[in-house]
Novice: 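The structure's right below; bear with me while I get my questions together.
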Protein chains: 2
Amino acid sequence: MKMSEGVEWTAHACTLLAALPPGIGLSAAALAEFHDLAPAYMAKHMQALARAGVVESVRGAGGGYRLARKPHDVTLWDIYEAIEGEEPAFRCSEIRQQGPCPGIGDFRKPCEINAIFGRAETAWKAELKSMSLADIVADLARKQTPARRAQLTEWLGEKLG
Amino acid sequence: MKMSEGVEWTAHACTLLAALPPGIGLSAAALAEFHDLAPAYMAKHMQALARAGVVESVRGAGGGYRLARKPHDVTLWDIYEAIEGEEPAFRCSEIRQQGPCPGIGDFRKPCEINAIFGRAETAWKAELKSMSLADIVADLARKQTPARRAQLTEWLGEKLG
DNA sequence: GATATCGTACTCGGATATACATTGTCCGAGTGGTGACGG
DNA sequence: CCGTCACCACTCGGACAATGTATATCCGAGTACGATATC
């Protein structure tokens, strides 16, 4: 089972957006350049985030993407769901009801194996929902040295004009 | 993100094997027939379980697959890992260190985003590890009607000879 | 009648095609900024 | 000098191709069972 790498890309991109002043955004090209990623593919993933309402898109010159909500109100789950979709990883196809001997269990009750995987995914989802972009940005700020912060502000100044 | 349907196939197959008397097994063809699945593909998945040591294979006439351990000692995680492998779903490629401005955070410490996904997968894994085949079989037995149990034993008698 | 041997049917195991999803790229649609032009 | 208009550059958005992974199948390797022939 492999998660799309788009999740990693957009998670880092949103972290950067969350570190900007409210209402300020960056173009998809700039977000891609920041982590040395393929610009066109990054743009495709940002579109998914825009459709999901995590970010807002601003077209035209000087446009780009900016967070649609405050960093505290965007969780890693929101980003994951925007990229991967809301379908669970485990899809029960009810094979217990197929075959020459479907007489195991009560079909009015959910498949037990499906129920276990469902519980597991709920636990996983809860962990992702517990962390917002604000938490991540705060963590990064704590680890950051002054020299590196200056490097970041210089790059941002160049991009924001 | 999508889990291989082989996980569902083998989980149900192992549940059936766990319901048999200790040391008794079934051929891959019989396991496939039981849930009306493609026999050759079912065999391929059972091979993965055999490599992982979840089941033992017996070649030759009358052979097949049987559980390598007691049902209580086989968890859904064992089956998942045998099919999907042990690599995590989220692979951190350390893109935070790439690009023109890699100066965010302390690289000696793990990437915060990766850490969150790691915690989430740990929670997910714990849930799967908490359920053994014995638990699942017990649950099915509780839901089962006498008529359906008779149907199962008849089919098994035909297959086991 | 007992035993050793051969043949056969059955099963696993891995190598080999196919279908589908993800990844990656491109060009058109839309929008704000900018410069020229006229009042 | 100021307002308006048209053009242009920039950005998003979705359609289109390439690649990789999961799905599906087949044929060869190996083993136990049973029949047969011999002692």
Side-chain angles (χ1 to χ4, degrees), chain A residues 1-10 13 17 24-33 35-66 68 80 82-85 87 89-91 93 95 158-161, chain B residues 1-10 13 17 24-33 35-66 68 80 82-85 87 89-91 93 95 158-161:
Chain A
M1 189 167 64
K2 207 181 76 174
M3 193 179 300
S4 166
E5 62 186 358
V7 174
E8 186 185 7
W9 292 22
T10 53
L17 290 179
I24 303 301
L26 284 170
S27 71
L31 290 172
E33 179 191 336
H35 289 116
D36 193 23
L37 305 170
Y41 196 26
M42 184 58 157
K44 183 180 180 65
H45 285 312
M46 293 308 293
Q47 286 170 32
L49 256 65
R51 272 193 297 271
V54 174
V55 300
E56 290 173 344
S57 65
V58 180
R59 303 182 78 161
Y65 293 97
R66 67 185 177 210
Y80 169 86
I83 301 296
E84 290 284 347
E87 288 205 9
F90 182 88
R91 276 103 152 172
S93 52
I95 61 173
E158 180 186 334
K159 287 300 162 187
L160 295 172
Chain B
M1 190 166 62
K2 207 181 76 174
M3 192 179 300
S4 165
E5 61 185 359
V7 174
E8 185 185 9
W9 292 23
T10 53
L17 291 179
I24 304 300
L26 283 171
S27 70
L31 290 172
E33 180 191 334
H35 289 115
D36 194 23
L37 305 170
Y41 196 27
M42 184 57 155
K44 182 179 182 64
H45 285 313
M46 292 309 293
Q47 287 170 31
L49 257 65
R51 273 193 298 271
V54 175
V55 300
E56 290 173 344
S57 65
V58 180
R59 302 181 78 160
Y65 293 98
R66 66 184 177 211
Y80 169 86
I83 301 295
E84 290 284 348
E87 288 204 9
F90 182 87
R91 276 103 152 169
S93 51
I95 61 173
E158 181 187 333
K159 288 299 162 188
L160 295 174

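A note on names: the letters A, B, ... follow the listed sequences, proteins ahead of strands, and every chain is numbered from 1.
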Novice: Over how many whole Å does the gap from Glu33(A) atom CD to dC10(D) atom C1' extend?
Specialist: 16 Å

Novice: Hey, could you give me each pair passing salt bridge (charged side-chain N to carboxylate O under 4.0 Å, His left out) that has a residue in residues 42-66 of chain B? Not counting sequence neighbours.
Specialist: Glu56(B)-Arg66(B)

Novice: With the sugar-phosphate defined as primed atoms, P, OP1 and OP2, and the base as all remaining atoms, what B/S/- string results for nucleotides 11-19 of chain C, 5' to 3', for protein heavy atoms under 4.0 Å?
Specialist: SBBBB----

Novice: Whole angstroms only, please: what is the NZ-P distance between Lys2(B) and dA22(D)?
Specialist: 10 Å

Novice: Rounded to whole Å, please give me the gap between CG in Leu37(A) and P in dT23(C).
Specialist: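 About 13 Å, once rounded to whole Å.
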
Novice: Find the distance Glu8(A):CD to dT23(C):P and express it as a whole number of Å.
Specialist: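 After rounding, the gap between these two atoms is 12 Å.
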
Novice: Output all residues satisfying ring-ring contact (aromatic ring centres under 6.0 Å, His included) with Tyr41(A), sequence neighbours left out; order by chain, then residue number.
Specialist: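 Residues passing ring-ring contact (aromatic ring centres under 6.0 Å, His included) with Tyr41(A): Trp9(A), His45(A).
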
Novice: Report the distance from atom CG of Leu160(A) to atom C1' of dC10(D), rounded to the nearest whole Å.
Specialist: 16 Å

Novice: Please identify each residue that fulfils salt bridge (Lys or Arg N to Asp or Glu O under 4.0 Å) with Glu84(B), with sequence neighbours left out.
Specialist: none

Novice: dA15(D) P sits how many Å from Tyr41(A) OH, rounded?
Specialist: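 Going from OH in Tyr41(A) over to P in dA15(D) covers 17 Å.
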
Novice: Is the closest basic N to carboxylate O distance between Arg91(B) and Glu8(A) below 4.0 Å?
Specialist: no

Novice: Identify, with sequence neighbours excluded, every residue that meets ring-ring contact (aromatic ring centres under 6.0 Å, His included) alongside Tyr80(A).
Specialist: Trp77(A), Trp124(A)

Novice: Quick one: Met42(A) CE to dT22(C) C1', roughly how many Å, whole number?
Specialist: 17 Å

Novice: My understanding is that only residues two or more places apart in sequence, or in another chain, count here; which of them pass side-chain hydrogen bond (donor to acceptor under 3.5 Å, both in side chains) with Lys2(B)?
Specialist: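 Lys2(B) satisfies side-chain hydrogen bond (donor to acceptor under 3.5 Å, both in side chains) with no residue once adjacent residues are dropped.
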
Novice: Trp9(B) CH2 to dA22(D) P: how many Å, rounded?
Specialist: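 Nearest whole value for this atom pair: 15 Å.
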
